[in-house]
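Following: one structure in C-alpha coordinates, then a few remarks.
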Amino acid sequence: MAHDTFRPASPWLLPLALAAAMTAAGRLDLLAAYTLAGNRFQGALLVMLPVGAFLSSLPGRLRRHGRPRLRSTWQGCAVCFAGGVFLMLAAGLAEMGDGLALTGLAQGNVSAWAFAAIVWAAALCAARLKARWRRHA
Amino acid sequence: MRELLLGGGTGLVLGMAVQRMGLTCRERLRQTAALRDRQTLRVLLMSLGLSTLLASLLMWLAVIDVDELQVVPLHSGTVLGGLIFGAVVGWTGQTPGSAAAGVGGDRFFEGVCGAAGCLAGAALLPAVQGVFTPLRSLLPESGLTWFRVTLDKPYLFAGGFLGQGCVGFLLLTLSLCIRRERPVSAPTEKPAPPPPVSDHPEDVREDTVIATLPGEEPVVVDMAEEPAESENDPVLGESSVAEPESTPIVEEPSAAEPELPSAENAGEAEESLSFAEKNAPQDEPPQAAEPSASLEDPLPSGPETPSPTPGAGSIPPQKKQQFKPSAKKASGKKKKAKKAASP
(Lines give C-alpha, C1' and ligand atoms only; values in the text may rest on other atoms or scores of the structure.)
Protein backbone atom coordinates (compact mmCIF):
# COMPACT_ATOMS: atom_id res chain seq x y z
CA MET A 1 0.00 0.00 0.00
CA ALA A 2 1.19 3.53 -0.62
CA HIS A 3 0.80 4.53 3.01
CA ASP A 4 2.82 1.73 4.51
CA THR A 5 5.57 4.12 5.54
CA PHE A 6 3.10 6.43 7.36
CA ARG A 7 3.36 6.34 11.14
CA PRO A 8 0.42 7.69 13.17
CA ALA A 9 1.59 10.16 15.77
CA SER A 10 0.56 13.04 18.06
CA PRO A 11 -1.89 11.34 20.42
CA TRP A 12 -2.11 14.59 22.43
CA LEU A 13 -3.91 16.61 19.70
CA LEU A 14 -7.27 14.82 20.06
CA PRO A 15 -7.42 15.31 23.86
CA LEU A 16 -6.70 19.02 23.36
CA ALA A 17 -9.51 19.32 20.81
CA LEU A 18 -11.96 17.42 23.01
CA ALA A 19 -11.04 19.46 26.08
CA ALA A 20 -11.48 22.69 24.10
CA ALA A 21 -14.86 21.52 22.78
CA MET A 22 -16.07 20.44 26.21
CA THR A 23 -14.90 23.71 27.75
CA ALA A 24 -16.47 25.93 25.09
CA ALA A 25 -19.69 24.08 24.24
CA GLY A 26 -19.94 21.09 26.54
CA ARG A 27 -19.72 18.58 23.71
CA LEU A 28 -18.45 17.83 20.20
CA ASP A 29 -21.62 17.43 18.12
CA LEU A 30 -20.95 16.83 14.43
CA LEU A 31 -24.51 15.59 14.00
CA ALA A 32 -25.81 19.05 14.83
CA ALA A 33 -23.12 20.57 12.60
CA TYR A 34 -24.19 18.56 9.56
CA THR A 35 -27.88 19.30 10.16
CA LEU A 36 -26.98 23.02 10.16
CA ALA A 37 -29.01 23.43 13.34
CA GLY A 38 -27.79 26.96 13.86
CA ASN A 39 -25.11 26.11 16.39
CA ARG A 40 -22.23 28.46 15.55
CA PHE A 41 -19.58 26.61 17.48
CA GLN A 42 -20.27 23.27 15.82
CA GLY A 43 -20.66 24.89 12.39
CA ALA A 44 -17.29 26.69 12.63
CA LEU A 45 -15.76 23.44 13.88
CA LEU A 46 -17.04 21.57 10.83
CA VAL A 47 -15.79 24.24 8.42
CA MET A 48 -12.28 24.39 9.91
CA LEU A 49 -11.88 20.60 10.22
CA PRO A 50 -10.69 20.07 6.60
CA VAL A 51 -8.45 23.15 6.88
CA GLY A 52 -6.67 21.64 9.87
CA ALA A 53 -6.29 18.32 8.04
CA PHE A 54 -4.84 20.11 5.01
CA LEU A 55 -2.35 22.10 7.11
CA SER A 56 -1.22 18.93 8.82
CA SER A 57 -0.72 17.15 5.48
CA LEU A 58 1.44 20.00 4.04
CA PRO A 59 4.85 18.64 5.15
CA GLY A 60 4.10 15.32 3.48
CA ARG A 61 2.91 17.03 0.29
CA LEU A 62 6.07 19.18 0.14
CA ARG A 63 8.22 16.08 0.60
CA ARG A 64 6.41 14.36 -2.27
CA HIS A 65 6.70 17.53 -4.41
CA GLY A 66 2.95 17.83 -4.73
CA ARG A 67 2.39 14.29 -5.94
CA PRO A 68 -0.64 12.80 -4.19
CA ARG A 69 -0.04 9.75 -2.08
CA LEU A 70 -3.48 8.33 -2.82
CA ARG A 71 -5.92 9.02 -5.64
CA SER A 72 -9.71 9.16 -5.65
CA THR A 73 -11.66 6.75 -7.79
CA TRP A 74 -15.26 7.03 -8.91
CA GLN A 75 -16.10 3.80 -7.08
CA GLY A 76 -14.60 5.27 -3.92
CA CYS A 77 -16.62 8.44 -4.37
CA ALA A 78 -19.84 6.46 -4.75
CA VAL A 79 -19.06 4.36 -1.69
CA CYS A 80 -18.22 7.45 0.36
CA PHE A 81 -21.44 9.21 -0.64
CA ALA A 82 -23.64 6.21 0.16
CA GLY A 83 -21.70 5.59 3.36
CA GLY A 84 -22.18 9.19 4.46
CA VAL A 85 -25.95 8.95 4.00
CA PHE A 86 -26.24 5.78 6.05
CA LEU A 87 -23.85 7.07 8.71
CA MET A 88 -25.99 10.12 9.38
CA LEU A 89 -29.18 8.06 9.41
CA ALA A 90 -27.64 5.67 11.93
CA ALA A 91 -26.33 8.54 14.03
CA GLY A 92 -29.79 10.11 13.99
CA LEU A 93 -31.35 6.83 15.13
CA ALA A 94 -28.85 6.50 17.98
CA GLU A 95 -28.95 10.25 18.71
CA MET A 96 -25.17 10.02 18.82
CA GLY A 97 -22.39 10.49 16.28
CA ASP A 98 -18.63 10.03 16.54
CA GLY A 99 -18.14 13.46 18.13
CA LEU A 100 -20.76 12.91 20.81
CA ALA A 101 -19.38 9.42 21.40
CA LEU A 102 -15.87 10.79 21.97
CA THR A 103 -16.98 13.43 24.45
CA GLY A 104 -19.28 10.92 26.10
CA LEU A 105 -16.37 8.53 26.53
CA ALA A 106 -14.27 11.29 28.08
CA GLN A 107 -16.96 12.23 30.61
CA GLY A 108 -18.06 8.68 31.40
CA ASN A 109 -21.49 8.29 29.75
CA VAL A 110 -22.74 4.71 29.82
CA SER A 111 -24.61 5.21 26.53
CA ALA A 112 -21.42 6.47 24.84
CA TRP A 113 -19.45 3.45 26.07
CA ALA A 114 -22.20 1.09 24.89
CA PHE A 115 -22.40 2.87 21.51
CA ALA A 116 -18.60 2.71 21.08
CA ALA A 117 -18.49 -0.98 21.98
CA ILE A 118 -21.33 -1.87 19.58
CA VAL A 119 -19.81 0.24 16.78
CA TRP A 120 -16.41 -1.38 17.23
CA ALA A 121 -17.85 -4.90 17.23
CA ALA A 122 -19.90 -4.24 14.09
CA ALA A 123 -16.97 -2.50 12.37
CA LEU A 124 -14.67 -5.41 13.19
CA CYS A 125 -17.08 -7.92 11.62
CA ALA A 126 -17.75 -5.73 8.57
CA ALA A 127 -14.05 -5.00 7.95
CA ARG A 128 -13.09 -8.65 8.17
CA LEU A 129 -16.00 -9.68 5.97
CA LYS A 130 -14.93 -7.14 3.37
CA ALA A 131 -11.32 -8.37 3.52
CA ARG A 132 -12.52 -11.94 3.00
CA TRP A 133 -14.80 -10.88 0.14
CA ARG A 134 -11.90 -9.04 -1.51
CA ARG A 135 -9.64 -12.05 -1.17
CA HIS A 136 -12.14 -14.38 -2.80
CA ALA A 137 -13.38 -11.96 -5.44
CA MET B 1 -17.77 35.93 17.46
CA ARG B 2 -16.22 34.18 20.41
CA GLU B 3 -18.08 30.99 19.53
CA LEU B 4 -16.91 31.19 15.92
CA LEU B 5 -13.28 31.68 16.93
CA LEU B 6 -13.37 28.91 19.51
CA GLY B 7 -15.17 26.59 17.11
CA GLY B 8 -12.73 27.37 14.30
CA GLY B 9 -9.70 26.80 16.53
CA THR B 10 -11.14 23.54 17.85
CA GLY B 11 -11.91 22.37 14.31
CA LEU B 12 -8.36 23.22 13.24
CA VAL B 13 -6.84 21.19 16.07
CA LEU B 14 -9.31 18.33 15.52
CA GLY B 15 -8.52 18.22 11.79
CA MET B 16 -4.80 18.09 12.55
CA ALA B 17 -5.41 15.31 15.07
CA VAL B 18 -7.41 13.22 12.60
CA GLN B 19 -4.80 13.72 9.86
CA ARG B 20 -1.83 13.00 12.15
CA MET B 21 -3.44 9.77 13.35
CA GLY B 22 -3.97 8.73 9.75
CA LEU B 23 -7.74 8.39 10.08
CA THR B 24 -8.36 10.27 6.83
CA CYS B 25 -7.19 7.13 5.06
CA ARG B 26 -10.17 4.80 4.73
CA GLU B 27 -8.05 1.67 4.44
CA ARG B 28 -6.19 2.50 7.65
CA LEU B 29 -9.43 3.11 9.54
CA ARG B 30 -10.77 -0.17 8.26
CA GLN B 31 -7.62 -2.00 9.35
CA THR B 32 -7.81 -0.35 12.78
CA ALA B 33 -11.43 -1.41 13.18
CA ALA B 34 -10.43 -4.95 12.20
CA LEU B 35 -7.70 -4.83 14.90
CA ARG B 36 -4.99 -5.34 12.27
CA ASP B 37 -3.28 -1.95 12.41
CA ARG B 38 -1.66 -2.01 15.83
CA GLN B 39 0.07 1.32 15.52
CA THR B 40 -3.07 3.33 14.83
CA LEU B 41 -5.00 1.39 17.46
CA ARG B 42 -2.32 2.17 19.99
CA VAL B 43 -2.37 5.90 19.18
CA LEU B 44 -6.19 5.98 19.25
CA LEU B 45 -6.40 4.29 22.64
CA MET B 46 -3.69 6.57 23.95
CA SER B 47 -5.69 9.59 22.76
CA LEU B 48 -8.83 8.30 24.45
CA GLY B 49 -6.99 7.68 27.69
CA LEU B 50 -5.40 11.10 27.66
CA SER B 51 -8.77 12.69 26.79
CA THR B 52 -10.44 11.02 29.74
CA LEU B 53 -7.62 12.02 32.09
CA LEU B 54 -7.60 15.63 30.88
CA ALA B 55 -11.41 15.90 30.99
CA SER B 56 -11.49 14.54 34.55
CA LEU B 57 -8.78 17.00 35.62
CA LEU B 58 -10.53 19.97 33.98
CA MET B 59 -13.91 18.95 35.46
CA TRP B 60 -12.31 18.69 38.90
CA LEU B 61 -10.68 22.10 38.44
CA ALA B 62 -14.10 23.44 37.30
CA VAL B 63 -12.66 24.62 34.01
CA ILE B 64 -15.30 22.47 32.29
CA ASP B 65 -18.82 23.36 33.46
CA VAL B 66 -20.46 20.06 34.39
CA ASP B 67 -23.93 21.62 33.98
CA GLU B 68 -23.33 21.94 30.24
CA LEU B 69 -22.43 18.30 29.86
CA GLN B 70 -24.97 16.35 27.79
CA VAL B 71 -25.73 12.82 28.95
CA VAL B 72 -27.33 10.99 26.01
CA PRO B 73 -29.81 8.32 27.16
CA LEU B 74 -29.22 4.66 26.41
CA HIS B 75 -32.13 3.07 24.48
CA SER B 76 -32.78 0.53 21.70
CA GLY B 77 -32.00 3.15 19.09
CA THR B 78 -28.44 3.31 20.48
CA VAL B 79 -28.04 -0.42 19.88
CA LEU B 80 -29.61 -0.45 16.38
CA GLY B 81 -27.95 2.77 15.32
CA GLY B 82 -24.63 1.52 16.66
CA LEU B 83 -24.90 -1.67 14.62
CA ILE B 84 -25.65 0.21 11.39
CA PHE B 85 -23.01 2.86 12.16
CA GLY B 86 -20.36 0.24 12.87
CA ALA B 87 -21.19 -1.80 9.79
CA VAL B 88 -20.86 1.26 7.57
CA VAL B 89 -17.60 2.30 9.25
CA GLY B 90 -16.16 -1.18 8.79
CA TRP B 91 -17.24 -1.39 5.14
CA THR B 92 -16.45 2.13 3.91
CA GLY B 93 -13.71 3.04 6.36
CA GLN B 94 -15.04 6.50 7.12
CA THR B 95 -16.88 8.37 9.86
CA PRO B 96 -18.62 11.77 9.65
CA GLY B 97 -15.56 13.42 11.20
CA SER B 98 -13.02 11.63 9.02
CA ALA B 99 -15.14 12.34 5.93
CA ALA B 100 -14.94 16.07 6.63
CA ALA B 101 -11.21 15.82 7.37
CA GLY B 102 -10.72 13.82 4.18
CA VAL B 103 -11.57 16.94 2.16
CA GLY B 104 -8.18 18.31 3.24
CA GLY B 105 -6.43 14.96 2.85
CA ASP B 106 -5.03 13.18 -0.18
CA ARG B 107 -8.30 11.88 -1.59
CA PHE B 108 -10.06 15.21 -2.08
CA PHE B 109 -12.98 14.02 -4.22
CA GLU B 110 -13.75 11.07 -1.96
CA GLY B 111 -13.74 13.41 1.03
CA VAL B 112 -16.08 15.80 -0.76
CA CYS B 113 -18.43 12.96 -1.67
CA GLY B 114 -18.34 11.67 1.91
CA ALA B 115 -19.16 15.08 3.34
CA ALA B 116 -21.89 15.53 0.73
CA GLY B 117 -23.34 12.16 1.71
CA CYS B 118 -23.36 13.18 5.37
CA LEU B 119 -25.14 16.42 4.49
CA ALA B 120 -27.68 14.47 2.42
CA GLY B 121 -28.27 12.02 5.25
CA ALA B 122 -28.68 14.85 7.75
CA ALA B 123 -31.21 16.44 5.40
CA LEU B 124 -33.22 13.19 5.33
CA LEU B 125 -33.35 12.91 9.14
CA PRO B 126 -36.52 14.99 9.69
CA ALA B 127 -38.33 12.81 7.15
CA VAL B 128 -37.51 9.54 8.92
CA GLN B 129 -38.15 10.64 12.50
CA GLY B 130 -41.56 8.95 12.35
CA VAL B 131 -39.82 5.60 11.77
CA PHE B 132 -37.07 6.18 14.35
CA THR B 133 -39.29 7.09 17.29
CA PRO B 134 -40.92 3.62 17.74
CA LEU B 135 -37.50 1.96 17.21
CA ARG B 136 -36.03 3.94 20.11
CA SER B 137 -38.80 2.89 22.50
CA LEU B 138 -38.14 -0.87 22.31
CA LEU B 139 -35.92 -0.67 25.44
CA PRO B 140 -36.37 1.62 28.45
CA GLU B 141 -34.29 4.78 28.40
CA SER B 142 -31.59 5.41 30.98
CA GLY B 143 -29.17 8.32 31.10
CA LEU B 144 -26.40 7.03 33.35
CA THR B 145 -22.77 7.86 33.99
CA TRP B 146 -20.17 5.49 35.38
CA PHE B 147 -19.06 7.90 38.13
CA ARG B 148 -20.61 10.92 39.76
CA VAL B 149 -19.46 13.70 37.44
CA THR B 150 -22.75 15.63 37.21
CA LEU B 151 -24.88 17.11 39.92
CA ASP B 152 -28.27 15.66 38.98
CA LYS B 153 -27.74 12.70 36.64
CA PRO B 154 -27.80 9.13 38.02
CA TYR B 155 -24.51 7.25 38.27
CA LEU B 156 -23.31 3.69 38.85
CA PHE B 157 -20.16 4.10 40.97
CA ALA B 158 -19.38 6.74 43.57
CA GLY B 159 -15.86 7.47 42.41
CA GLY B 160 -16.29 11.00 41.18
CA PHE B 161 -13.63 12.66 39.07
CA LEU B 162 -10.91 10.43 40.57
CA GLY B 163 -12.73 7.32 39.39
CA GLN B 164 -13.13 8.80 35.94
CA GLY B 165 -9.43 9.65 35.91
CA CYS B 166 -8.59 6.05 36.83
CA VAL B 167 -10.58 4.87 33.80
CA GLY B 168 -8.48 7.14 31.62
CA PHE B 169 -5.32 5.83 33.24
CA LEU B 170 -6.45 2.26 32.51
CA LEU B 171 -7.04 3.12 28.85
CA LEU B 172 -3.59 4.67 28.68
CA THR B 173 -2.01 1.58 30.24
CA LEU B 174 -3.92 -0.65 27.81
CA SER B 175 -2.58 1.36 24.89
CA LEU B 176 1.00 1.00 26.15
CA CYS B 177 0.55 -2.77 26.31
CA ILE B 178 0.05 -2.86 22.54
CA ARG B 179 3.44 -3.47 21.01
CA ARG B 180 4.74 -1.18 18.36
CA GLU B 181 5.22 -2.68 14.93
CA ARG B 182 8.90 -2.86 14.22
CA PRO B 183 10.30 -3.24 10.71
CA VAL B 184 11.20 -6.82 9.97
CA SER B 185 14.73 -7.16 8.64
CA ALA B 186 15.44 -9.63 5.90
CA PRO B 187 16.98 -12.82 7.23
CA THR B 188 20.67 -12.91 6.58
CA GLU B 189 21.67 -15.91 4.57
CA LYS B 190 24.18 -17.97 6.44
CA PRO B 191 27.10 -18.98 4.28
CA ALA B 192 27.40 -22.65 3.62
CA PRO B 193 29.90 -24.26 5.95
CA PRO B 194 33.19 -25.07 4.28
CA PRO B 195 33.84 -28.73 3.60
CA PRO B 196 35.84 -30.35 6.36
CA VAL B 197 39.53 -30.55 5.63
CA SER B 198 41.74 -32.81 7.63
CA ASP B 199 45.28 -34.16 7.34
CA HIS B 200 44.77 -37.03 9.76
CA PRO B 201 44.61 -40.50 8.23
CA GLU B 202 41.96 -41.44 10.83
CA ASP B 203 39.51 -39.09 9.20
CA VAL B 204 39.65 -41.00 5.93
CA ARG B 205 36.41 -42.89 5.39
CA GLU B 206 35.53 -45.69 3.00
CA ASP B 207 33.95 -43.35 0.53
CA THR B 208 36.93 -41.07 0.52
CA VAL B 209 39.33 -41.03 -2.38
CA ILE B 210 42.83 -39.79 -1.90
CA ALA B 211 44.31 -38.51 -5.11
CA THR B 212 48.00 -38.01 -5.52
CA LEU B 213 49.75 -36.42 -8.38
CA PRO B 214 53.47 -36.60 -9.02
CA GLY B 215 55.14 -33.78 -7.25
CA GLU B 216 52.00 -32.63 -5.45
CA GLU B 217 50.42 -33.14 -2.08
CA PRO B 218 47.59 -35.64 -1.73
CA VAL B 219 44.08 -34.18 -2.05
CA VAL B 220 41.24 -35.81 -0.14
CA VAL B 221 37.97 -35.91 -2.01
CA ASP B 222 34.85 -37.01 -0.19
CA MET B 223 32.72 -38.96 -2.58
CA ALA B 224 29.72 -39.28 -0.24
CA GLU B 225 28.22 -35.96 -1.40
CA GLU B 226 28.15 -36.87 -5.05
CA PRO B 227 26.89 -40.42 -5.40
CA ALA B 228 24.78 -40.29 -8.54
CA GLU B 229 26.68 -38.00 -10.85
CA SER B 230 29.07 -40.60 -12.16
CA GLU B 231 26.25 -43.06 -12.83
CA ASN B 232 24.36 -40.68 -15.04
CA ASP B 233 27.42 -39.41 -16.80
CA PRO B 234 26.86 -40.19 -20.48
CA VAL B 235 30.59 -40.62 -20.97
CA LEU B 236 31.05 -43.27 -18.36
CA GLY B 237 27.67 -44.91 -17.95
CA GLU B 238 26.85 -48.26 -19.61
CA SER B 239 23.88 -46.72 -21.38
CA SER B 240 26.26 -44.52 -23.29
CA VAL B 241 27.81 -47.62 -24.85
CA ALA B 242 24.62 -48.38 -26.75
CA GLU B 243 24.24 -44.87 -28.04
CA PRO B 244 25.67 -44.61 -31.52
CA GLU B 245 26.59 -40.98 -31.37
CA SER B 246 28.44 -40.97 -28.08
CA THR B 247 32.15 -41.49 -28.15
CA PRO B 248 33.47 -42.30 -24.74
CA ILE B 249 37.09 -42.55 -25.60
CA VAL B 250 39.46 -43.87 -22.98
CA GLU B 251 43.03 -43.11 -23.95
CA GLU B 252 46.31 -44.18 -22.52
CA PRO B 253 48.05 -41.84 -20.19
CA SER B 254 50.52 -39.63 -21.96
CA ALA B 255 53.32 -37.37 -20.90
CA ALA B 256 51.22 -34.25 -21.16
CA GLU B 257 50.34 -32.25 -18.10
CA PRO B 258 47.54 -33.87 -16.19
CA GLU B 259 44.41 -32.12 -15.16
CA LEU B 260 43.94 -31.41 -11.50
CA PRO B 261 41.65 -34.05 -10.06
CA SER B 262 38.23 -32.94 -9.02
CA ALA B 263 35.25 -34.71 -7.58
CA GLU B 264 33.81 -35.43 -11.00
CA ASN B 265 37.11 -36.69 -12.28
CA ALA B 266 37.46 -38.90 -9.23
CA GLY B 267 34.06 -40.39 -9.92
CA GLU B 268 34.90 -40.78 -13.55
CA ALA B 269 38.13 -42.53 -12.66
CA GLU B 270 36.28 -45.02 -10.48
CA GLU B 271 33.81 -45.77 -13.21
CA SER B 272 36.60 -46.04 -15.74
CA LEU B 273 38.27 -48.61 -13.59
CA SER B 274 35.15 -50.71 -13.41
CA PHE B 275 34.57 -50.34 -17.11
CA ALA B 276 38.22 -51.24 -17.84
CA GLU B 277 37.87 -54.27 -15.64
CA LYS B 278 34.88 -55.43 -17.57
CA ASN B 279 36.46 -54.99 -20.95
CA ALA B 280 40.01 -56.05 -20.09
CA PRO B 281 41.28 -59.23 -21.89
CA GLN B 282 41.57 -62.56 -20.03
CA ASP B 283 45.37 -62.69 -19.82
CA GLU B 284 45.52 -59.43 -18.10
CA PRO B 285 44.14 -59.68 -14.62
CA PRO B 286 42.05 -56.67 -13.67
CA GLN B 287 43.71 -54.44 -11.19
CA ALA B 288 41.52 -53.43 -8.32
CA ALA B 289 41.32 -49.77 -7.67
CA GLU B 290 43.25 -49.01 -4.54
CA PRO B 291 42.20 -46.19 -2.35
CA SER B 292 45.60 -44.69 -2.74
CA ALA B 293 45.61 -45.02 -6.50
CA SER B 294 46.58 -41.84 -8.12
CA LEU B 295 44.26 -40.26 -10.57
CA GLU B 296 46.67 -39.73 -13.39
CA ASP B 297 44.15 -40.43 -16.05
CA PRO B 298 41.08 -38.35 -15.41
CA LEU B 299 38.56 -39.29 -18.03
CA PRO B 300 37.36 -36.22 -19.85
CA SER B 301 34.04 -35.52 -21.34
CA GLY B 302 35.63 -34.20 -24.51
CA PRO B 303 37.33 -36.12 -27.27
CA GLU B 304 40.95 -35.26 -26.55
CA THR B 305 42.53 -35.15 -23.17
CA PRO B 306 46.10 -35.54 -22.15
CA SER B 307 46.91 -38.21 -19.61
CA PRO B 308 49.88 -38.34 -17.30
CA THR B 309 52.78 -40.76 -17.44
CA PRO B 310 52.35 -43.87 -15.32
CA GLY B 311 54.11 -43.64 -12.00
CA ALA B 312 54.34 -45.54 -8.81
CA GLY B 313 50.90 -46.29 -7.46
CA SER B 314 49.19 -44.91 -10.52
CA ILE B 315 46.33 -46.42 -12.44
CA PRO B 316 47.69 -48.86 -15.06
CA PRO B 317 47.39 -47.79 -18.63
CA GLN B 318 44.14 -48.74 -20.17
CA LYS B 319 43.45 -50.02 -23.58
CA LYS B 320 42.20 -47.80 -26.19
CA GLN B 321 38.62 -48.55 -26.73
CA GLN B 322 36.97 -46.53 -29.29
CA PHE B 323 33.44 -46.94 -30.33
CA LYS B 324 32.88 -45.80 -33.79
CA PRO B 325 29.34 -46.63 -34.71
CA SER B 326 29.81 -44.25 -37.58
CA ALA B 327 32.36 -46.78 -38.93
CA LYS B 328 29.58 -49.40 -39.08
CA LYS B 329 27.47 -47.03 -41.03
CA ALA B 330 30.36 -46.34 -43.35
CA SER B 331 30.95 -50.07 -43.83
CA GLY B 332 27.24 -50.50 -44.51
CA LYS B 333 27.40 -47.81 -47.14
CA LYS B 334 30.43 -49.47 -48.66
CA LYS B 335 28.56 -52.74 -48.83
CA LYS B 336 25.66 -51.06 -50.49
CA ALA B 337 27.98 -49.38 -52.91
CA LYS B 338 29.57 -52.71 -53.73
CA LYS B 339 26.21 -54.30 -54.28
CA ALA B 340 25.16 -51.48 -56.49
CA ALA B 341 28.38 -51.71 -58.47
CA SER B 342 28.16 -55.48 -58.98
CA PRO B 343 25.94 -56.62 -61.86
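Below, chain A is the first sequence line, B the second, and so on; all start at residue 1. All values below come from the heavy atoms of this structure, side chains included, with hydrogens, waters and symmetry mates left out.
- Without hydrogens or angle criteria, A/Asn109 side chain to A/Ser111 main chain gives no donor-acceptor distance under 3.5 Å.
- For B/Gln70, the parts sitting under 4.5 Å from any heavy atom of chain A are the backbone and the side chain alike.
- Looking at A/Leu30, only its side chain comes within 4.5 Å of chain B, counting heavy atoms on both sides.
- Interface remark: B/Leu83 contributes backbone and side-chain atoms alike to the contact with chain A (heavy atom separation under 4.5 Å).
- In this structure, A/Arg27 and A/Leu100 have side chains that are in contact, with non-hydrogen atoms separated by less than 4.5 Å.
- Across B/Leu135, B/Val89, B/Leu54, the residue that shares the most heavy-atom pairs under 4.5 angstrom with chain A is B/Leu54.
- A donor atom on one side chain and an acceptor atom on the other are not found under 3.5 Å apart for B/Gln94 and B/Arg26.
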_Steps toward side chain to side chain contact (heavy atoms under 4.5 Å, CB included) verdict (A/Cys80, B/Thr92)_ = CA-CA 7 Å; A/Cys80 287; B/Thr92 63; over 6 Å; no

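- Contacts of B/Val66 with chain A are absent, with no heavy-atom separation under 4.5 Å from either backbone or side chain.
- Contacts of B/Leu44 with chain A are made by side-chain atoms alone, with heavy-atom separations under 4.5 Å and no backbone atom involved.
- How far CG of A/Leu18 is from CG of A/Leu105: 9.5 Å, rounded to the nearest 0.5 Å.
- Looking at B/Leu45, neither its backbone nor its side chain comes within 4.5 Å of chain A, counting heavy atoms on both sides.
- Within the 4.5 angstrom heavy-atom criterion, only side-chain atoms of B/Val149, from C-beta onward, approach chain A.
- Of the two parts of A/Ala82, neither the backbone nor the side chain holds a non-hydrogen atom closer than 4.5 Å to a non-hydrogen atom of chain B.
- Contacts classified as ring-ring contact (aromatic ring centres under 6.0 Å, His included) and involving residues 39-88 of chain B (residues at least two apart or in different chains) are given here: A/Phe115-B/Phe85.
- In terms of non-hydrogen atom pairs under 4.5 Å with chain B, the most contact-rich of A/Ile118, A/Val110, A/Leu13, A/Leu129 is A/Val110.
- In this structure, the portions of B/Val43 lying under 4.5 Å from any heavy atom of chain A include both its backbone and its side chain.
- Chosen from B/Thr78, B/Ile84, B/Val128, the residue pairing most often with chain A at heavy-atom distances under 4.5 Å is B/Thr78.
- Between the B/Thr52 side chain and the B/Gly168 main chain, no donor and acceptor come within less than 3.5 Å of each other.
- Interface remark: A/Leu89 contributes backbone and side-chain atoms alike to the contact with chain B (heavy atom separation under 4.5 Å).
- A/Ala114 touches chain B through its side chain: at least one heavy atom from C-beta onward sits under 4.5 Å away, while N, CA, C and O do not.
- At a threshold of 4.0 Å, the pair B/Glu27-A/Lys130 does not count as salt-bridged, since none of the basic side-chain nitrogens sits closer than that to a carboxylate oxygen.
- Rounding to the nearest 0.5 Å places CE of A/Met88 at 7.0 Å from OH of A/Tyr34.
- By number of non-hydrogen pairs under 4.5 angstrom with chain A, the leading residue of B/Arg42, B/Glu3, B/Met16 is B/Met16.
- For the pair A/Leu58 and A/Leu55, the minimum side-chain heavy-atom distance is below 4.5 Å.
- Rounding to the nearest 0.5 Å gives a distance of 10.0 Å between OG1 of A/Thr103 and CD1 of B/Ile64.
- Residue B/Leu41 touches chain A through its side chain alone, counting heavy-atom pairs closer than 4.5 Å.
- No hydrogens or angles considered: a donor-acceptor pair under 3.5 Å links the side chains of B/Thr95 and A/Asp98.
- For B/Leu48, the part sitting under 4.5 Å from any heavy atom of chain A is the side chain, from C-beta outward, and nothing else.
- With a threshold of 4.5 angstrom between heavy atoms, B/Val72 approaches chain A through its backbone and through its side chain.
- Between A/Leu14 and B/Met21 there is a side-chain heavy-atom pair separated by less than 4.5 Å.
- For A/Val47, no part lies near chain B; criterion is any non-hydrogen pair under 4.5 Å.
- Residue B/Ala123: no heavy atom, backbone or side chain, is found under 4.5 Å from chain A.
- Residue B/Leu80 touches chain A through both its backbone and its side chain, counting heavy-atom pairs closer than 4.5 Å.
- Judged by distance alone, the side chains of A/Ser57 and B/Gln19 never bring a donor and an acceptor atom under 3.5 Å apart.
- In this structure, the portions of A/Thr73 lying under 4.5 Å from any heavy atom of chain B include both its backbone and its side chain.
- When atom types are taken as modelled, the side chain of B/Thr133 and the backbone of B/Gly130 share no donor-acceptor pair closer than 3.5 angstrom.
- If you measure heavy-atom distances from B/Leu58 to chain A, the contacts under 4.5 Å come from the side chain alone.
- Contact count versus chain A (heavy atoms, under 4.5 Å) is highest, among B/Met59, B/Glu68, B/Gln129, B/Lys153, for B/Glu68.
- Across B/Leu5, B/Leu119, B/Val63, B/Val112, the residue that shares the most heavy-atom pairs under 4.5 angstrom with chain A is B/Leu119.
- Contact annotation for A/Trp133: only side-chain heavy atoms (C-beta onward) come within less than 4.5 Å of a heavy atom of chain B.
- Residue B/Phe161 does not touch chain A at all, counting heavy-atom pairs closer than 4.5 Å.
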